[in-house]
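What follows is a short report on a single structure.
Naming convention: chains lettered A, B, ... in sequence-line order (proteins, then strands); numbering from 1 in each chain. Since we're looking at a predicted model, the values are computed, not measured.
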2 protein chains.
Amino acid sequence: MKPAAHEREQAVFSALADPTRRAVLRSIASGEASTATELAARLPVSRQAVQKHLALLEQAQLVGGERVGRETRFAATPAPLGDAIAWMTAVGERWEDRLAALAEAADPEAGR
Amino acid sequence: MKPAAHEREQAVFSALADPTRRAVLRSIASGEASTATELAARLPVSRQAVQKHLALLEQAQLVGGERVGRETRFAATPAPLGDAIAWMTAVGERWEDRLAALAEAADPEAGR
DNA sequence: AAGTTGTGCAACCGGTCGGTTGCATGTTGC
DNA sequence: GCAACATGCAACCGACCGGTTGCACAACTT
């Protein structure tokens, strides 16, 4: 298997792009609901729509589903969020570095 | 203007959803390129495609463009990334809280 | 056993997205 | 002034996405 990092990254970011999906994830993370039908009751979409969102979230490894009896209970596995955060902070740091370098180059003497 | 928070949130997350757009943002943040034509040269897409991505990134306030002579130079303004990170950490914390509560509730009985 | 509740899967549909081509405009350099 | 380079804008297109409906099946309940 090839997790490939940027593949998971892609999965996470695109999973987070949809507002409904974010709502689903939030509901699961806060324990307000754990099954597709429960989530659908809290959201203005059908159960099948929620189910598709859950499939994507699961593919991004943001949630994990476990079948208990006749219902499938989902739980959050927010580890991938860490990857996304890492990407963002990396970009942010690069930006800061760049800014610092520019500032230093433009202001070598009068620096702090 | 009224940013409405969740509107900016939406803009940021959907802006980050596209790999090409992330590449553009990374290139700008690291100072590798700053104009649409430069970016297009580094990427396998046309200049106009990059330009559209830049428009979205600018709309999400992740970059800012300033016209200098005949070229438009873009710079990163990663502040919105902080919002996104805040959202993620909030979800992550809620998850941890929930997990802690469950663990605590399950601890005395330890059954499953 | 029969009915009820929850799930999984497939097909379909309209809208949006990422990308392209084409053209018009503005800026620089000779 | 004119050629070359960079940008802005619009139209168009194929693909994907979010959502729906419909149906078949598994699992409790009585």
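Phosphate contact (OP1/OP2 of C:dG18, side-chain N/O of B:Thr20, threshold under 4.0 Å): absent. A close approach under 4.0 Å does not occur between any side-chain nitrogen or oxygen of A:His53 and OP1 or OP2 of D:dC17.
For A:Glu58 and C:dG8, the CD to C1' distance is 13 Å, given to the nearest whole Å. Protein atom CD of A:Gln51 is 12 Å distant from nucleotide atom C1' of C:dA10, rounded to whole Å. Rounded to whole Å, atom P of C:dC17 lies 15 Å from atom CD of A:Gln10.
Checking D:dT7, C:dG18, C:dT20 against the side-chain heavy atoms of B:Gln48 singles out C:dT20 as nearest. For B:Val45, whose side chain is taken as the heavy atoms from C-beta onward, the closest listed nucleotide among D:dT7, C:dG19, D:dC5 is C:dG19. Comparing D:dC23, C:dG19, C:dG18 by their nearest atom to the side chain of B:Arg21 picks out C:dG18.
Partners of A:Gln10 by side chain to side chain donor-acceptor pair (under 3.5 Å), not counting sequence neighbours, listed by chain and number: B:Arg22.
Residue-to-nucleotide proximity on DNA chain D shows that, of B:Lys52 and B:Phe74, the 5′-proximal contact is made by B:Phe74. Taking the nucleotide of DNA chain D with the nearest heavy atom to each of A:Glu71 and A:Arg47, the more 5' of the two is matched to A:Arg47.
B:Arg70 contributes no side-chain N or O that forms a donor-acceptor pair with the base of D:dT7 under 3.5 Å.
Between B:Lys52 and B:Arg21, the closest side-chain pair of non-hydrogen atoms is not below 4.5 Å.
If you check every strand for non-hydrogen atoms under 4.0 Å, A:Ser46 touches a base. Note on A:Arg67: only backbone sugar-phosphate atoms sit closer than 4.0 angstrom, heavy atoms only; bases stay farther off.
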Under 3.5 Å, sequence neighbours excluded: what are the donor-acceptor pairs made by side chains of residues 75-89 of chain A?
from: A:Thr77; atom 1: OG1; to: A:Gln61; atom 2: O; distance (Å): 2.8
from: A:Thr77; atom 1: OG1; to: A:Leu62; atom 2: O; distance (Å): 3.3
from: A:Thr89; atom 1: OG1; to: A:Ile85; atom 2: O; distance (Å): 3.0
from: A:Thr89; atom 1: OG1; to: A:Ala86; atom 2: O; distance (Å): 2.9

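Using modelled atom types and a 3.5 Å distance limit, the side chains of B:Thr35 and B:Arg73 yield no donor-acceptor pair.
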